[in-house]
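Reviewing the structure listed below.
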Protein chains: 2
Amino acid sequence: MSENFSRAEILLKRLQSFDYLRGLDGETLRRLANASSWKVYAPEAVIFWEGDVESNLFYLQYGSLKALKSSPDGRKQVLRFINAGEIFNEMGALAHRPNPATAIALEESGVWLIPRHALEEIVSTHPRTAMQIIENMADKIIELVTLAADLSLKTVEARLATLLLEQAEGDVIKRRRWTNQIELAARLGTVPDVLSRVIRDLTKAGLIEIDRQQIRIIDRGGLLARAKPEEKP
Amino acid sequence: MSENFSRAEILLKRLQSFDYLRGLDGETLRRLANASSWKVYAPEAVIFWEGDVESNLFYLQYGSLKALKSSPDGRKQVLRFINAGEIFNEMGALAHRPNPATAIALEESGVWLIPRHALEEIVSTHPRTAMQIIENMADKIIELVTLAADLSLKTVEARLATLLLEQAEGDVIKRRRWTNQIELAARLGTVPDVLSRVIRDLTKAGLIEIDRQQIRIIDRGGLLARAKPEEKP
DNA sequence: TGGTTTACCCGACAAAAGTCGGGGCGCAAA
DNA sequence: TTTGCGCCCCGACTTTTGTCGGGTAAACCA
């Protein structure tokens, strides 16, 4: 497995520059890298299903994924996007819980699978890493709390406006292959038709411009106003 | 402060029977108890506000609380109820993050405030406890994922049916002072009027009975059917 | 090159959720 | 005992969201 060995070397380098594991010594990282395995997923491939008990911790080296839940009638709610450099499935790896969501690759994605036992060993010997994991989970809780509140309290228009303002670098959002209205709608918790309508309204109001390559914010202030529900005392 | 001292003795006893801290030795627990302070909140009192940076970990000895987010127009989304024996604010205490939600007492509630430094010391010396905390946070993530998906994918009727089935002991749910339609609506992410309508429908359909003291499930099967969105291929 | 697929668009409609005005009942303070 | 308040109920209306049927245009492929 010289193929896998050299890959492990790559992972080792990655791990060393990896915030999540800051403070671990070289020997520990090396053992972690050697115990891990490597897997590549094609676009649309399923990494794991909701309800699966999956005991590896995943580290996404390149590519991007989505975590979603779907209902029997086919609607989907994307809970978060996972980008290169992030880890996922603390659920299964650390807490022995069945995963609450399904993970699907948006593009070709390379993933390291770090086995539970190696991880638990580290947690029990490196409290600093345990704290990193706790902080990471705290951030996820914050995101989920925000998502739940937004779904409950904001309109689709407000959620879209918020998302655009968050995602924009400068005033534009580059559209990737999967930044289409279907994925966007799933992210916002609605359906493509409704999203299309809202985009039309925002475009007509002169707040945004959209074409095949990008979304451009024209009127930041106006968009910001639509991102918040109305005051009403 | 002999008052506080004897209270610390009480806390010590509690802590000893506390899953969350299983595996800690007596001396450690004693120091933890002595470092902590005690506070009682009246009904409707605010323990902390969304956005506050609050560095204590809270342990609810008796009473009950709700964690919620509210929008400028006055609507509220309850994220979870906190019952006696649970801890909260891992956010602020362990991850140094501003709290994402507001905590409010539903009834008179007695709370222990465990200071951050004492806790961090334990996490760094007792990996078993760190794992407990991680598992606890994983459970919260699972609950929030479920909440977000339900808000997005299910109707108010389905959410109410699910809640009733979950909360029922046997076939009845005892109504406490705060199990009124206002709180219930905030929990389900809707408004009292809509909830009232749904309750009327379920009652007319012979699935539940409701009076001032309790809610009784008449037809478990029928309720279960309404708890799920329709299949539709 | 033509045919198929994919993403997007749109108007009209249906369903779900939210709002409004009004009214009733029981309990408790004045 | 009256008055006021909290909680709940209800019908009618509006807004928001989801659905349906049908359409166009660019991209992709054999």
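Here is the naming used below: chain letters follow the sequence lines, and residue numbers restart at 1 for every chain. Since this is a predicted model, take the numbers as computed values, not measurements.
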Can you measure [X] atom [atom1] to [N] atom [atom2] for me and round it to whole angstrom units?
X	N	atom1	atom2	answer
Trp178(A)	dA7(C)	CH2	P	14 Å
Asp201(A)	dT15(D)	CG	P	14 Å
Ile199(B)	dA17(C)	CD1	C1'	16 Å
Arg212(A)	dC28(D)	CZ	C1'	13 Å
Asp211(A)	dA26(D)	CG	P	13 Å
Leu151(B)	dT17(D)	CG	C1'	15 Å
Glu183(B)	dG6(D)	CD	C1'	13 Å
Ile182(B)	dC5(D)	CD1	C1'	12 Å

For this session: Please state whether the rings of Phe88(B) and Phe58(B) are parallel, tilted or perpendicular, taking 30° and 60° as the class boundaries.
Result: parallel
For Arg216(A), look at atom CZ and say whether over 12 heavy atoms of other residues, nucleotides or ligands are found less than 6.0 Å away.
no
Around atom CZ of Arg176(B), are there more than 12 heavy atoms from other residues, nucleotides or ligands closer than 6.0 Å?
no
Kindly point out which of [options] is positioned nearest to the side chain of [X]?
X	options	result
Thr155(B)	dC7(D), dA16(C), dT17(D)	dA16(C)
Thr190(B)	dT17(D), dG18(C), dC8(D)	dG18(C)
Val191(B)	dC8(D), dT19(D), dT19(C)	dT19(C)

Side-chain N or O of [X] closer than 4.0 Å to phosphate OP1/OP2 of [N]:
X	N	answer
Arg175(A)	dC8(C)	yes
Arg200(A)	dG11(C)	yes
Ser196(A)	dC8(C)	no
Arg75(B)	dG18(C)	yes
Gln181(A)	dT6(C)	no

Of Val198(B) and Ile210(A), the one whose closest nucleotide on DNA chain C sits nearer the 5' end is Ile210(A)
(Q) I'd like to know if Arg197(A) reaches the base of dG11(C) with its side chain such that a donor and an acceptor end up less than 3.5 angstrom apart. (A) no
TODO: Can you check whether any acceptor in the base of dC20(C) is under 3.5 Å from a donor in the side chain of Asp193(B), or vice versa?
DONE: yes
- Does any donor atom in the side chain of Asn89(A) or Asn56(A) lie under 3.5 Å from an acceptor atom in the other side chain? no
Looking only at the side chains, is there a donor atom on one of Tyr62(B) and Glu108(B) sitting less than 3.5 Å from an acceptor on the other? yes
- prompt: With a non-hydrogen cut-off below 4.0 angstrom, is Arg177(A) in contact with a base, only sugar-phosphate, or nothing?
  reply: nothing
